[in-house]
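Counting from 1, the numbers follow the sequence of the chain as shown. For clarity, every value in this text was computed on a predicted model and none was experimentally measured.
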Amino acid sequence: QEEQASTSEASSSSSSQQQPQVQPSLDDCLNLCIGERDEQRLAGLLLVTKFCNKDDHASIRKVYDAVRPQFLHRLLLTGMGKGSDVGGNNRDVYLQLSITVLSAFCRVPQIAASENMVTKIPLIVEAMSKEPGSPIIEDCYEYLFLVSTANEEGVKTLYKSGGLNVLASQLMILPDGSHMIELAMRLVQIIVIKLPSEIVYSEHPTDLAMVVSAVAKQFAVLQNSLKFEALHLLSAILTNRYSAPVYDALSLMGNDVWSRNMQIGIVAILQNRVAPSHKLQALFLAECVISIVGEGWLIGEINLTGSQVSLPADRCILLVLESSRVEIAVLLNDLAHLKYEASKASSNRENILVKQRNLGVAFSLVEKIIKLISSFGGEESAANAVTSERTFTKIISGLNETIGAVLDYLQDAKEHGQMKGNDLLAAVRVIGSYLAEAPDACKDKVTELLAYMLAIEGEDELRPFYSICFLLPMLCQITLKTGGCKILASSGAFREVVGYLIALIEQNNYTSEDNGSIFLACDTILNLLLKREQIKFPLDDPSFIRLLVALSHWAGNIFINSDFALAVRDLLVSTVETSWFCMHSYFLSVASSKKMSS
């Protein structure tokens with residue numbers, strides 16, 4: 001009998017397990033949610049979280065309409081230990097339930113955009129700051145993201161509630177590649193894009209620097225679409241016109257982990273097949289990092305995260321140079337087409353400005369590489385230990401090709417009568433940077449375009465000034481030889497240098513950069529005058545009379561024992577000799593003209 005009883009119990013138990021469990025219907029949840037007692041509403045909300053699909057917006061809307069907003073608010077306060085009901089031992093349960101339900105409700109855009117949801121943001125931020133490792137954190141991020149994207153007031157409230165500080169501190173500890181870190185990154189991007197940059201960057205430079213450091217790690221370690229999200233956020237923060245305080249905060253960090261993570265991420269982007277826009281953003285990012293930590297960042301062994309493999313020390317500089325070279329070639333071609341062949345529509349004008357900006361970044365990277373290789377061979381250069389002769393040859397070859405393309409662009413501009421433009425001035429600058437280190441590079445093209453390059457003006461210039469400044473180091477070097485003096489004299493370029501020196505003298509308020517330019521201009525003119533007999537330099541040019549007048553006034557305002565005084569003395573001696581012949585020829589011509597008129 002006992003065996004039969006046990007068999008009967010087992011069969012009844014088995015049959016009961018095979019019967020499907022009946023899930024509560026939406027109407028059951030709604031009936032509980034509209035109940036009079038808190039226990040009923042809590043039970044209804046619990047059922048909603050277990051059985052209601054988060055993507056079923058119609059059902060979520062019905063539940064939201066059934067639940068009283070005051071009850072939701074009271075439940076959240078209770079979970080946080082505020083209000084009249086302290087919650088006792090169930091506080092954590094109430095807090096998790098309230099935030100889970102609120103984030104689910106906010107999946108409906110109309111609910112997320114409501115004032116009720118915006119006003120709860122300060123409480124959610126406070127809960128996050130007190131419970132950084134709690135299970136509620138992901139729902140908090142969901143809530144903040146949905147409300148901030150649905151209502152601009154949500155972004156403002158998040159910022160005013162200290163949201164950026166909380167996001168910055170938690171980004172450092174969130175799991176790599178998690179949904180939470182994705183939402184946190186998107187929230188920071190919303191703040192950076194939608195709120196006034198001059199306020200955000202001035203009030204939170206340290207927080208933004210922490211964000212950069214944390215996101216740089218994700219940029220280095222991730223190999224999925226979130227890597228590009230990190231790229232976009234880093235670019236948005238560091239390329240902003242108000243980002244100087246963030247640069248300062250990053251430069252004060254006690255380690256270079258963030259910059260090496262940047263290097264790993266940028267190298268990964270540049271050496272793989274990705275969209276051209278992503279490669280361009282990576283170049284923007286490289287330019288920003290170098291501006292903060294210096295050109296030495298371009299070299300050094302790269303240890304890939306999570307791998308025993310390391311990349312060669314020259315991989316970064318070669319990738320940046322090659323990518324910049326390609327970008328410059330494409331942009332120069334596009335600009336030439338837009339400026340000389342396409343229509344003059346306003347959309348083209350905007351397109352030209354964007355491409356000129358991108359070109360400026362690529363030029364800046366080339367200049368930074370030029371500056372770095374100029375240190376090769378120095379006793380204290382760290383580059384010597386990590387760069388080979390083969391690498392150096394590759395770099396020089398790439399630079400020669402790039403400068404050649406830039407000179408062709410200027411040749412095209414000259415043929416079209418273009419003398420003014422920031423893109424033209426930037427082209428002269430990068431050419432001047434390279435020729436300062438390699439004055440004999442592209443010699444024929446440079447000789448042909450020298451007078452034209454010295455006459456180029458920026459958009460805001462009334463006369464050529466910066467173009468002469470950029471080319472002075474090269475001019476000073478080539479005039480050490482007779483051949484260079486002949487080029488300067490035959491092209492008439494010496495008049496531009498004389499005019500530039502006079503303009504600097506007449507400013508009467510010199511910066512340290514002006515001091516260097518004054519020395520270079522003095523040396524260039526002096527080199528020319530000392531070789532005037534060898535190159536058969538014409539002595540009747542009136543520009544030297546104007547220079548003599550300017551020098552004589554200037555000489556009385558400088559210290560006798562200063563380096564300026566010595567430079568002026570040497571230049572005055574040579575200029576007086578030359579100007580004597582100039583004035584003699586001038587007076588002869590005046591006398592002759594008077595005699596003919598009488």
**Q** Mind listing the closest non-hydrogen atom pair of Tyr201 and Tyr242 along with its distance?
**A**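 Reported closest heavy-atom pair: CB-O, 3.3 Å.
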
**Q** Does the side chain of Leu331 reach to within under 4.5 Å of the side chain of Asp423, using non-hydrogen atoms?
**A**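 When only atoms from C-beta onward are counted, Asp423 and Leu331 do not touch, as no gap falls below 4.5 Å.
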
**Q** Please determine if Glu295 and Lys368 form a salt bridge, counting it only when a charged side-chain N lies under 4.0 Å from a carboxylate O.
**A**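 No, no charged N to carboxylate O under 4.0 Å.
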
**Q** Would you confirm whether Ser324, through its side chain, and Val366, through its main-chain N or O, come within 3.5 Å as a donor-acceptor pair?
**A**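 Judged by distance alone, no pair lies under 3.5 Å.
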
**Q** Short question: side chain of Thr402, backbone of Gly398 - any donor-acceptor pair under 3.5 Å?
**A**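 Side chain of Thr402 to backbone of Gly398, a donor-acceptor pair under 3.5 Å: yes, one is there.
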
**Q** Hey, are the side chains of Ile487 and Phe494 touching, using non-hydrogen atoms and a 4.5 Å cut-off?
**A**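 Not in contact.
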
**Q** Taking C-beta and beyond as the side chain, do Leu425 and Glu459 meet within less than 4.5 Å on heavy atoms?
**A**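 Counting from C-beta outward, Leu425 and Glu459 never come under 4.5 Å.
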
**Q** Find out whether Leu501 and Cys522 are in side-chain contact, i.e. whether some heavy atom of one side chain is under 4.5 Å from a heavy atom of the other.
**A**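 Yes, side chains in contact.
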
**Q** What I'd like to find out is whether the side chain of Glu327 reaches to under 4.5 Å of the side chain of Leu280, using heavy atoms alone.
**A**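 The answer is yes, as the side chains (C-beta and beyond) meet within the 4.5 Å cut-off.
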
**Q** Locate the shortest heavy-atom distance separating Cys485 from Leu528; write the atom from each residue and the value.
**A**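 Result for this residue pair: O-CD1, 3.6 Å.
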
**Q** How close do Ser235 and Leu285 get, counting heavy atoms only, and between which atoms?
**A**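 Of all heavy-atom pairs spanning Ser235 and Leu285, the closest is N-CD1, 3.9 Å.
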
**Q** List the atom pairs, donor and acceptor, that lie under 3.5 Å between side-chain atoms in residues 446-454 and the rest of the protein, sequence neighbours left out.
**A**
unit_1: Thr447; atom_1: OG1; unit_2: Lys443; atom_2: O; d: 2.8
unit_1: Tyr452; atom_1: OH; unit_2: Gln418; atom_2: O; d: 2.5

**Q** Might you confirm whether atom CG of Leu252 has over 12 heavy atoms from other residues, nucleotides or ligands at distances under 6.0 Å?
**A**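 Yes, CG of Leu252 has more than 12 neighbouring heavy atoms, counting only those of other groups under 6.0 Å.
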
**Q** Any heavy-atom pair between the side chains of His278 and His232 that's under 4.5 Å?
**A**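 Yes, at least one pair of side-chain atoms sits under 4.5 Å.
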
**Q** Is there a side-chain contact between Tyr340 and Glu415 (heavy atoms, below 4.5 Å)?
**A**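 Of all side-chain heavy-atom pairs linking Glu415 with Tyr340, none is under 4.5 Å.
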
**Q** Does Val200 reach the side chain of Leu208, with side-chain heavy atoms less than 4.5 Å apart?
**A**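 In short, these two side chains touch, coming nearer than 4.5 Å.
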
**Q** With distance as the sole test, does Lys420 use its side chain to make a donor-acceptor pair with the main-chain N or O of Glu461 at under 3.5 Å?
**A**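 Yes.
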
**Q** Taking Gln477 for the side chain and Ala436 for the main chain, is one N or O donor matched with an acceptor at less than 3.5 Å?
**A**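 Between the backbone of Ala436 and the side chain of Gln477 there is a qualifying donor-acceptor contact (under 3.5 Å).
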
**Q** Would you find a donor on one side and an acceptor on the other, under 3.5 Å apart, between the side chain of Gln263 and the backbone of Trp297?
**A**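 Yes, because the side chain of Gln263 sits within donor-acceptor range (under 3.5 Å) of the backbone of Trp297.
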
**Q** When rounded to the nearest 0.5 angstrom, what distance separates CG in Leu298 from CG in Leu318?
**A**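 Between atom CG of Leu298 and atom CG of Leu318 there are 10.0 Å.
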
**Q** Rounded to the nearest 0.5 Å, how far does CD1 of Ile237 lie from CD1 of Ile193?
**A**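 One finds 10.0 Å between CD1 of Ile193 and CD1 of Ile237.
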
**Q** Quick one: closest heavy-atom pair of Tyr434 and Ala441, and the distance?
**A**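 It is CE2-CB, 3.8 Å.
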
**Q** Taking all atoms of both residues into account, what is the closest heavy-atom pair of Cys442 and Leu407, and its distance?
**A**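 Scanning both residues completely, I find the closest heavy atoms to be CB-CD1, 3.6 Å.
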
**Q** Is there a donor-acceptor pair under 3.5 Å between the side chain of Ser374 and the backbone N or O of Lys371?
**A**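 Indeed, once roles are kept as given, a pair shorter than 3.5 Å links the two residues.
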
**Q** With distance as the sole test, does Asn272 use its side chain to make a donor-acceptor pair with the main-chain N or O of Val274 at under 3.5 Å?
**A**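 Not at all, since once roles are kept as given, no pair shorter than 3.5 Å links the two residues.
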
**Q** Can a donor-acceptor pair be found, under 3.5 Å and without considering hydrogens, that links the side chain of Tyr466 to the backbone of Ala426?
**A**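 Checked: no pair found.
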
**Q** For Met210 and Asp207, run side-chain contact (heavy atoms from CB on, under 4.5 Å): C-alpha distance rounded to whole Å, both residues' side-chain angles, the deciding distance at 0.1 Å, then the answer.
**A** CA-CA 5 Å; Met210 290 173 61; Asp207 289 332; 4.3 Å; yes

**Q** Quick one: does any side-chain atom of Ser433 pair with a main-chain N or O of Arg429 as donor and acceptor, under 3.5 Å?
**A**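 Side chain of Ser433 to backbone of Arg429: a pair is present.
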
**Q** Take atom NZ in Lys279; do more than 12 heavy atoms of anything else shown fall under 6.0 Å from it?
**A**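 Counting other residues, nucleotides and ligands, NZ of Lys279 exceeds 12 neighbours.
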
**Q** For Asn527 and Asp523, indicate whether the former's side chain and the latter's backbone hold a donor-acceptor pair under 3.5 Å.
**A**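 Yes: the side chain of Asn527 pairs with the backbone of Asp523.
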
**Q** Decide yes or no on side-chain contact (heavy atoms from CB on, under 4.5 Å) for Ser213 and Val257, but give the supporting numbers first.
**A** CA-CA 8 Å; Ser213 181; Val257 174; over 6 Å; no

**Q** Given Leu504 and Phe465, is the side-chain contact (heavy atoms from CB on, under 4.5 Å) satisfied, shown in steps?
**A** CA-CA 9 Å; Leu504 276 177; Phe465 185 83; 3.7 Å; yes

**Q** Mind listing the closest non-hydrogen atom pair of Ser323 and Leu270 along with its distance?
**A**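 Heavy-atom minimum between the residues: OG-CD2, 3.7 Å.
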
**Q** Taking atom NZ as the centre, does Lys486 end up with more than 12 heavy-atom neighbours from other residues, nucleotides or ligands that are less than 6.0 angstrom away?
**A**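 No - once you tally the heavy atoms of other residues, nucleotides and ligands closer than 6.0 Å, there are 12 at most.
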
**Q** Which distance, rounded to the nearest 0.5 Å, do you find between the CG of Leu475 and the CD1 of Ile468?
**A**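 That separation rounds to 9.5 Å.
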
**Q** How many angstroms lie between atom CD1 of Ile264 and atom CZ of Phe219, to the nearest 0.5 angstrom?
**A**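 Between atom CD1 of Ile264 and atom CZ of Phe219 there are 10.5 Å.
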
**Q** In Å and rounded to the nearest 0.5 Å, what is the CG to CD1 distance from Asp408 to Ile403?
**A**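 If I round to the nearest 0.5 Å, the distance is 11.5 Å.
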
**Q** Ile373 vs Glu437, test: side-chain contact (heavy atoms from CB on, under 4.5 Å). Steps then yes/no.
**A** CA-CA 9 Å; Ile373 66 167; Glu437 305 300 331; over 6 Å; no

**Q** Give, for atom CD1 of Ile292 and atom CH2 of Trp258, the distance between the pair rounded to the nearest 0.5 Å.
**A**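 Atom-to-atom, Ile292:CD1 and Trp258:CH2 are 4.0 Å apart.
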
